Every structure is written in C-alpha cells, then in structure tokens.
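These numbers come from a predicted model, not from an experiment. Lettering follows sequence order; numbering is per chain, from 1.
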Amino acid sequence: MAINLPPKYDPKSVEEPIYRQWIERGYFRSAPSDTRSPYCIVIPPPNITGALHMGHALNNTIQDILIRWKRMQGFEALWLPGTDHAGIATQNVVERELAKDGISRHDLGREEFVNRIWQWRERYGNRIVEQLKRLGFSCDWERQRFTLDSGLSKAVNTVFVRLYNEGLIYRGNYLINWCPRCHTALSDDEVEHRPTNGKLWHLKYPLSDGSGFITVATTRPETMLGDTGVAVHPDDPRYIHLIGKTLRLPFVNREIPVIADSAVAMDFGTGCVKVTPAHDANDYAMGNRHNLPRVNVMNPDGTINENGGPFTGLDRYECRKRLVAQMASLGLLEKEADYDLSLSECYRCHSAIEPYLSDQWFVKMHSLAQPAIEAAKSGAVKFHPDRWVRVYLDWLENVRDWCISRQLWWGHPIPVWYCDNCRNIIAATSAPTKCDKCGGTSLTQDPDVLDTWFSSALWPFSTLGWPEETPEVKYYYPTDVLVTDRGIIYFWVARMVMMGYKFMGREPFGDVLIHGTILDEVGRRMSKSLGNGIDPIEMIEQYGADALRFSLVMLTLEGQDVKLSTKKFEMGRNFTNKIWNAVRFALMKMPEGLATEKPLDLSGLQLYDKWILTRLSQTIEVATAEQGAFRLNPAISAIYSFFWNDLCDWYLEAIKADLQPEAPAARRETASRVFLAVLDAALRLLHPYMPYLTEELWHRLAEFYPVRDLSGSVRACETIMLAPWPVSTDFPRFAREAEEMELLKTAVSAVRNVRGSRNIMDKVKLTAMFDAGCAENLSALESSRDLLLRMANLKSFQAGVGVTSPPGSATEIAPPLTLFVPLGELVDVEAERAKLSITLERQRDGIMRLEARLANPEFAAKAPANIVEKEHARLADMKATEAKIVREIKALEMIG
RNA sequence: GGGCAUAUAGCUCAGUCGGUUAGAGCGCUACACUCACAUUGUAGAGGUCACUGGUUCGAAUCCAGUUAUGCCCACCA
C-alpha cells in the first residue's frame, strides 16, 4: 500500500490546520432553512475576565457533542457563542490593574474608566474564546455576541422599560446587601455564607429610669449605635414588666423603647434583642411593625458616619473593638463568648456584606415566576437529571424581589432619566430630549447600572436579534437545550425561563442538562486560591484535544461530580492512538483498487464479518438512544468498547489472514469492504466526541477508498462533520452467527487461558480437544475450524460431544465447552487436580445455593414461570459442568 | 434547622424492570516486543455491595432507620 502513517497519533500536527479549514469552509455556520429543522444551543457566555478551566471544557464539550451529532443527523444546527461583560468581576479586574499605577477609577472619572474597560476587553476579552476554539468547538463564530453590544443593550432597555411601565420594576429605599469594598448593592443570590468563628457579646443597656439594666446579645456590637429599640417576647415573664419602658442607649444617648414582638426567641441569648432597623433584615421588619425609626450609622465604605457619636469616622471593625472596650470599662459588658456564625460575603471579593439602607431598583418577581413554575410542572422545561427541578421550583416558589441596580460603572446604564426641574421619572429605551411632564430639557440619567444577570436572563432571545423580528428569532426560538452546572440554576436558568415567557410567550429551551462539577483528586473544588486546577490547554498540549474531550465525557456520569487528575487523560490519549492504529492497519493491509462502488455480495460474508456488522448495528442503536436521553457517557462507553474490544481485539485479528496478499482475492475484498464500512461508521460515531482525529482519519481513508458503504452508493461529502450519523438499519444483523462467534471467542479464550496458567508461550502451537456439549455447538466449532486454529494458534483440534480427557491433558472448564490440551510429559497432574478441585468446590457451592432456592416451595409457587424455568435450566447446566469436572478429576487420579 | 446527593475491588466508577457465579478503567502480578498499536497484547489475583432492621420465594437493587462525606437553602440576635 502506498501509505504508511506514523505509528503514533500526533494531535499537534493535525488539530490546528483542521480547525482552520472548518472555519474557512464555513462548516460551523448556520442560517434559517426552509428544508431543515432547527437545532439550537446558546452557549453559557463565559465572563470576559475568565480563563478557560476544566468546568468550561466539560460544559462546552457536552454542547459540542450534541451540536455535532444533530448536525450530522441533518438538523440545521446552530451553536450560538458569546461572552458576558460580567459587571463586578470585570470592573474589579481593571480597578486592580489601575491600582498598580496608583490610580483609582475616581481619578479617571466615569467616562474614561469605562473607556479603559473597553480597551481592556479589546485586548483580553476574547482570550477565553480563543481557548475554546482549541477544543474544536463548532460554534457559529460569525454570530458571536457580547452582552454589552448594541443589539443586546437595546434588548435590555426594551425589557426594562416594559417591565417598568407594567409596574414590575420599582424603585425604593430598602435594606439591601451592600459590599463596602465593591461599593455596590448585591442581590440576595450574590451573597455567600461562610461559617466563621465569631463572638457573641452580652451588652447591658441601662433603663432610663435608673431602675436597672436589660442585657442584649449581639454578634455585631457596632450596630448598637443604630439601635432604635429592644424587643422581648410578649409572653416572657422575665421581661413582661419592662415592656413600654425606655432605655438610654450609651454613647449616643438615645431613648429607645422596650417593645414586645413574638418573633423574639425566649430561649436564645438573654431573650432580649437589640433592634437595628437600618442594619439588619429582621430588625428592619420588626421596625416596620412597631414604627421604629431607622438610624443609618454607616457610610458606603464601611466606616461609621456622623450618627455614630464618638465613633464617627472609624472603620466598622475598629469601631467594634473600641466600642466593646468602652462598654467593658463602663461595666456594661456582661460577657463575651465564642460563637460560630455564618458570615455573609460578597461573591466576588469575599468582603463581609453589610445590610444597608439605600435607594435601589427592584423587579417584582412573583407574577413573573408563575409561568416558569408552570413550565417545569408541565414538562415544557425538563431537567436532566430531573431532581434539579426541585431546586429550581423551591427558589421560584419562594422568590423574593430582585435588586437589579448596581453602583458600578461597567454595565448597562439604567434607562431612567430624572427631570431636574420637576423630578419626573422617565424610563425610555433611548435618551429623551425633554421631560414629558414639564417639558424641561435638563435631564439626568440614573447613575446606576443593571445587575449582569439582568442581561443574561435575555440571552436566549437577545442573541437571536430580539427585539427586532429577525428570521433567526422566528426560526431558532425556542432553543433546544441548555447545558450548565447546578451553581447557576437560580442566577440564570430560572430567570431565563421567566423572561422567555414574559417576552417571547414561551420557554427559552425545552431541556436543561445539569452536569457535574469538576473536582481535584481528593474531591475539592478546583480553585485559583487552592492552586489545584488542571489547565485544559496544558492537557491539550500534552494529550490532544480529542483525548481531553473523550476523557472528560468518559468520567462524567449523569450529573455526578468528577474527581480529576492529569493521569485520567491517558485513557483518552491511549484511545486516540488505538483508533489511529486501526486505520493505520487498514491503510497498510487493504488492497489497492478496491471496487467499493459495487454493492457488496453478502453471501461472501464470514462468521466474523456477520458478527462485527451485528455488533456495529447494536452499537449504533445504543449510542443513538443514549445520546437522545442526554446520557453521553453510556453512549461513548458503548462506542469505545465496540471499537476496542470488538473491532480491534477480535475482528481485526480475525481478518489479518484475509488481508494477506496471498489470500483468495474475493475473501480479501470482502473482508476489506466490511472492515472499511465498519471503520467508516465507527469514525462517524466517534466524531462528535473526537472531532479532529476522526476528520483526519476519514480523509486518509477517503484518499484511497472513496466510497465505503456496503451498498456502494456514492457519498459525496467533503467532511465527516457533514457525513450522516449512522443508522442501525444501515447494517444487517445476524443473530445466530453473532452467538456462534461468541462461542468461538469462548473457545479461543479457553486455549489462551491454558497457556496463561501453564506458562506456555503464545508462539507454541498446541493441539486441542473440545467437548462441545451439544451438536449445535459442535457444528459451530467445526464450521469455523480455520478461524479457531488461527486465533488460538493451534496445530489441530478435535471436537465432539461427550469427548473425555486424553491422558496427560490440561483441562479447562469454559461452559458450555470443555477444553483438553494434551501436554504429555509437561502436564503437572497434581496441579491440574488441585485446580479442578477448586473449580469443583466453587461449582458445588453455586449448585447448593441454587438448589436451596429451587427447593423452596414458595419459589415455585410465587416466582414468575419464566424465571423458574430459567433457574432450572441453569441448575441443569451447572450440574452438567459439575459432572464433567468430577469425571476429569477421576481421570487424573487414575493416572496419578 | 431544612433539602439533595454520594457510600460497590487498592483507586476512580458502572450495575436498566428485584432473579449475574457483582462488572469496567487505572493500579498490581506473570508472560509476550520482526509481522497496526508497549500509549500494546494475553492471562491472573483482588469484593461481608457503609451499617442495622424490614418487605419479598428471592435484595447491591425496594422501604425505614443509623453512620460518614459533599453540595445547596435558611433572618434566630
């Protein structure tokens, strides 16, 4: 043969040129079609600040597999890519960079700072996209979107104005989560809770009338400066007489009342709660119930403001320290105890969150949530695995209003203007020129920007061109599947479904695939701070993109977390090499000028041809069904084991003799045609998982064997990407022959087993005798005589029914066969006998257990008839085997 | 405090409708490198299916409880 591939697959020389070609030829492009059905996935947009990690690699590999599979099935498949502006994250990154030069964003001013971020985005914002490309992802890059580009901004403004006009967006002064480091409000979902070793301080507040003290317990003593009351339970006998009295708050000398509220737990702390409506969510609610004033004692940066009396200007923690010390010196610190609490932190910078009173914008969630709840209940949106629907519903059913304003500069400006003259509020999709109430022309835009997740929520339709009525919106919406991890079910998935129903009238996607989280070897999350991450790009360099993709999917079961180590990628690397070498073998051994254009004459098929075609057909069926249920791991496992265990281990070995130049031409041709057709189909099955390797090998094969179907029909296809996904009925099945082949494999394995356990080299030709057990098996062995001789490396063999051991034989029990290998002097009778005794013992053990089960009258009475029958048949088989073992032991003893 | 997940070979994990002599990959042991691939092949060893109880003719599988680990939610100061 003219071609000889190198013996090792070298991904580096293959990947880059193939990807370039895919792009140049526009294979990833998709457009609305009159003839094909749409299949659409929108990418979870990575943050522009992000660097590719294993989570991205897994998430996008799954999407690429689905997209490539559907594309091969003939769908008009669009994978729509894009990136997220990631408000806080990006602003923080650029601020940190400026800080290196000693510049703050305030030094630059808002406009210049935002310019700098755009510049940063130009330089670095596409890095993650370039990294994604290395994995071979087939996104339609010409449609790449960015959450801050003009189209998406228009969608954001349109949505805001409509919700505002419908009264679903409102502004108000509420207690929100404030990050004193980022200087912005956060939604409840952006707050993380971390267990912390804190303290519980018991503070004494003197009664105004001097009649004593009341003791409260707190974890944040500095907030006492904002206390406007102390609450006790109305039924608490200890304090009932104090209700209505007043206390004099130290340091600020404010008179505050003792109130009764049933929210107070009598059995916690002292049973008295200090009430700080401006700095605690519970207290805020309690304050409302009792009309307590709200005293804000903090500045946005976390220092104490002018309401803090002697502590004004101190940082919140410095204030805490000094305040506690002064309370102690005043004799008002009753005790200080260790106390474990759950500290609220900013999900971006991990500073401690302060509940903070401020003017913010909110979305009313309740009514928007209802269709999203209904969608999950009706099955319009399905989760895989379905247990995640519970998490989704729990959130939606208890959803609270969403704080959407952020005191940042990077993001979508809130499309609201205030009339400087009459304070009228104008919400508009573009800047108004005058006040619609007083006609004043001096208008000021709201200084805040929107939560990043506000624009993300619109992603499935804003990326398709909405609010314009584009052909894409009509054709691709709703999209088909969303692939993501469990961490953003509330942040993103639920909000997309809500917005989808609100603005498109239906669900944004029909299926939500939640995959597992990538962990390190010992089961910890991979994170920058732990430094335990594995860089996908490094793994690509080392093992190749296909090996990376394959290994990840092989490790990922139905949303289970994945414990990963670099060693795991060897599995993928080894498999790519195996595939490479199977094709290499084909190119080396198959004849030139194969007449592939004729339909193959099936009458020339050998047992193993029929078997491999049957196995291929079964594998296609399994893989297709599993992929359809989003179960990629069982699908690729089936393909893997077909390729390695069936095709390479058995079929390829079986046809080696057929492919020799001296083999009969017809046989050589038939074996080659079958092998070629199977390889072709296998490469197509593998393509979604291992796109580079399969494309490369498919072309290598095509160079010499242009048509590869069994039918001989011409398939004009310039890339495996667009070749049809195999259909199980493309390949004939032969049930009886497939079983016969399994018997042959048993016979071969039995001989190999004799070799292995008796230390007989593979190259020594043996003579074998088989007791076939029954006439059917006997004829199967006889009719594949050549194959058996070859695969087991036998000089000759005899087979019969009821054949007994010739003297001096090694005996191998391999139901339904028994194998004897005459070894003459070489046989160790004692060892053979010992071996058989162990087998006998095991066999008898099994028989006893089975007999006990069958002897139970209830079994016969209650078990289904087919099971009873099956078990009896099994018992008979086991007894027959037992008898053989006994016979062989006796024969050996006679020799001994 | 509530919810969810997980527990099977030394390690990482499969195991469908309850009926198997409980499987795979890695690792380990032995043997084999002219003949696609040593990133390989052949064979082997290795298991009280976390624990307790229950349902059942029959349980790794179903139910209840326990233990351990992980994740999510939650206003007890």
Using a heavy-atom cut-off of 4.0 Å across all strands, would you classify [X] as base, sugar-phosphate, or nothing?
X	result
A/Y543	nothing
A/A281	nothing
A/N577	base
A/K656	base
A/R524	nothing
A/K8	base
A/R220	nothing
A/K578	base
A/E869	nothing
A/M761	sugar-phosphate
A/Y339	sugar-phosphate
A/V273	base
A/Q843	nothing
A/L557	sugar-phosphate

Checking side-chain polar atoms at under 3.5 Å, does A/R486 have a donor or acceptor matched by the opposite partner on A/T517?
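Note: A/R486 and A/T517 side chains meet the donor-acceptor criterion.
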
Ranking A/D189 and A/R849 by the position along RNA chain B of their nearest nucleotide, the one closer to 5' is A/R849

Residue whose nearest RNA chain B nucleotide is more 5′ - A/L555 or A/Y640
A/L555

Ignoring hydrogens and angles, tell me if any N or O in the side chain of A/N633 forms a donor-acceptor pair with the backbone of A/M554 under 3.5 Å.
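Yes; at least one donor-acceptor contact below 3.5 Å.
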
Taking the C1' atom in each of B/A7 and B/A74, what is the distance between them to the nearest angstrom?
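Those two atoms are separated by 27 Å.
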
I'd like the C1' distance from B/A60 over to B/G15, given in whole Å.
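Their C1' atoms lie roughly 8 Å apart.
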
Nearest-nucleotide pick for [X], side chain only, options being [options]:
X	options	answer
A/K567	B/C26, B/A36, B/U20	B/C26
A/T219	B/C57, B/A77, B/C37	B/A77
A/F268	B/A36, B/U20, B/A77	B/A77

Examine [N]: is either OP1 or OP2 under 4.0 Å from a nitrogen or oxygen in the side chain of [X]? Give yes or no.
X	N	answer
A/K589	B/A36	yes
A/N574	B/U40	yes
A/Y490	B/C72	no
A/R752	B/A30	no

Can you tell me whether the side chain of A/N856 and the base of B/C57 have a donor-acceptor pair closer than 3.5 Å?
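When only heavy-atom distances are counted, A/N856 does not reach the base of B/C57 through any donor-acceptor pair under 3.5 Å.
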
Distance-only donor-acceptor test (3.5 Å): side chain A/R573, base B/U39
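Yes.
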
Which heavy atom of A/E832 sits nearest to which heavy atom of A/T811, and what is that distance?
OE1-N, 3.2 Å

Any idea how A/F643 and A/F575 line up, ring-wise: parallel (<30°), tilted (30 to 60°), or perpendicular (>60°)?
perpendicular

A/W580 CH2 - B/C37 C1' separation (whole Å)
12 Å

Which dot-bracket string describes RNA chain B (Watson-Crick N1-N3 plus N6-O4 or O6-N4, or G-U N1-O2 and O6-N3, all under 3.5 Å; [ ] crossing; | other strand)?
(((((((..((((.....[...)))).(((((.......))))).....(((((..]....))))))))))))....

So, using salt bridge (Lys or Arg N to Asp or Glu O under 4.0 Å) as the criterion, who are the partners of A/K204 when residues are at least two apart?
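In terms of salt bridge (Lys or Arg N to Asp or Glu O under 4.0 Å), with neighbours along the sequence ignored, A/K204 is linked to no residue.
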
Rounded to the nearest 0.5 angstrom, the CZ-CG distance for A/R631 and A/L557 is 8.5 Å

